[in-house]
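Throughout, numbering of the chain's residues begins at 1 and tracks the sequence. Excluded from the calculations below are hydrogen atoms, water molecules and symmetry mates; all remaining heavy atoms, backbone and side chain alike, are included.
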Amino acid sequence: MTLTEGQKRAIEKLDAEMEAAKDPCSKYIAEQLLQLATSCPEVAEKILAEKKSLTGALDAIKAEAKKHAVGGCGCVDEAQAVEIACKYYNIKATEPTAEPAAAHQALGKNPETSMNNGAGTAAVSVNLDDFF
């Protein structure tokens, strides 16, 4: 598969933003966006939008988690995080681009250490105090 110039630029942009962020959540979201961008040139163009950034996508995820926080701790699962990031970039999200195992690996977790949200799927637990 040959990548378009826009796809190449989107990959470079996300790689640079991921390197600057250096946190596992950024890495996971960037990897999901990279997979979407490499499979669809239109997605790459949306990632290249001037006012859109990985930091902005993470801020949107944090804001959504904060809306549902209990005791200062808010959670979104992997699928929700990707959906929120896609909404931020105006990308129509259908399915997460990676299985939960890939998310655990990106976040440095294994199934034994991840939190169970009670629905049988693993969730990412974020303490909002860590971001302030």
Side-chain angles (χ1 to χ4, degrees):
M1 179 168 110
T2 304
L3 297 176
T4 66
E5 194 60 39
Q7 286 172 305
K8 291 176 186 176
R9 288 194 333 264
I11 290 168
E12 289 171 5
K13 177 182 178 181
L14 285 172
D15 280 341
E17 291 176 345
M18 183 172 51
E19 187 63 34
K22 298 186 186 219
D23 67 270
C25 292
S26 296
K27 180 179 178 187
Y28 174 71
I29 296 301
E31 287 174 353
Q32 300 308 299
L33 292 170
L34 284 168
Q35 288 183 13
L36 290 169
T38 56
S39 64
C40 181
E42 292 80 17
V43 169
E45 292 303 321
K46 291 181 180 190
I47 290 170
L48 288 170
E50 194 170 313
K51 294 184 179 184
K52 301 292 182 178
S53 67
L54 184 58
T55 302
L58 288 171
D59 288 343
I61 294 166
K62 290 176 206 173
E64 188 64 29
K66 192 173 187 177
K67 288 180 190 176
H68 306 287
V70 176
C73 183
C75 296
V76 294
D77 66 26
E78 293 93 353
Q80 289 172 313
V82 172
E83 184 179 324
I84 295 164
C86 287
K87 184 177 177 182
Y88 168 79
Y89 281 104
N90 298 315
I91 298 168
K92 290 184 180 180
T94 53
E95 293 292 323
T97 58
E99 295 299 315
H104 293 298
Q105 183 180 10
L107 296 170
K109 294 183 177 183
N110 60 42
E112 292 80 37
T113 61
S114 64
M115 180 180 149
N116 191 313
N117 68 6
T121 59
V124 177
S125 178
V126 179
N127 186 338
L128 297 175
D129 292 332
D130 293 340
F131 298 104
F132 300 106

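- Shortest non-hydrogen contact noted between Ala30 and Leu14 is O-CD1, 4.2 Å.
- The list of salt bridge (Lys or Arg N to Asp or Glu O under 4.0 Å) pairs with a residue in residues 2-15, not counting sequence neighbours, is empty.
- In terms of the side-chain contact (heavy atoms from CB on, under 4.5 Å) criterion, residue partners of Lys52 (sequence neighbours excluded) are, by chain and number, Ala49, Tyr88, Tyr89, Asn90.
- When all heavy atoms are compared, the tightest approach of Ala85 to Ala57 is CB-CB, 4.2 Å.
- Here the CD1-CD distance, from Ile29 to Glu78, works out to 9.0 Å after rounding to the nearest 0.5 Å.
- Of all non-hydrogen atoms in Gln32 and Val82, the two that sit nearest each other are CG-CG2, 3.6 Å.
- A pairwise comparison of heavy atoms in Leu34 and Ile11 identifies CD2-CA, 3.6 Å as the closest pair.
- Here the CG atom belonging to Leu54 is positioned 8.5 Å from the CE atom belonging to Met18, to the nearest 0.5 angstrom.
- Under the salt bridge (charged side-chain N to carboxylate O under 4.0 Å, His left out) criterion, Glu64 pairs with Lys67, sequence neighbours left out.
- Leu3 and Leu48 are assigned to two separate hydrophobic clusters, defined by single-linkage of ILVMFWY side chains at heavy-atom distances under 4.5 Å.
- With sequence neighbours left out, the side chain to side chain donor-acceptor pair (under 3.5 Å) criterion links Thr4 to Gln7.
- Taking the side-chain contact (heavy atoms from CB on, under 4.5 Å) definition, one finds that Glu50 meets it with nothing, sequence neighbours left out.
- Under the 4.5 Å side-chain criterion, counting only non-hydrogen atoms from C-beta, Thr38 is not in contact with Val43.
- Every side chain to side chain donor-acceptor pair (under 3.5 Å) that Ser26 has, sequence neighbours left out, goes to Asp23.
- Residues Val76 and Ala81 share a closest heavy-atom pair of CG2-CB, 4.1 Å.
- Between Ser53 and Leu58 the shortest side-chain heavy-atom distance does not fall below 4.5 Å.
- A 4.5 Å side-chain heavy-atom check between Ile91 and Leu33 finds at least one atom pair inside the cut-off.
- Heavy-atom minimum distance, Ala37 versus Ala10: CB-CB, 4.5 Å.
- In this structure, CG in Leu36 is found 11.0 Å from NZ in Lys46, a value given to the nearest 0.5 Å.
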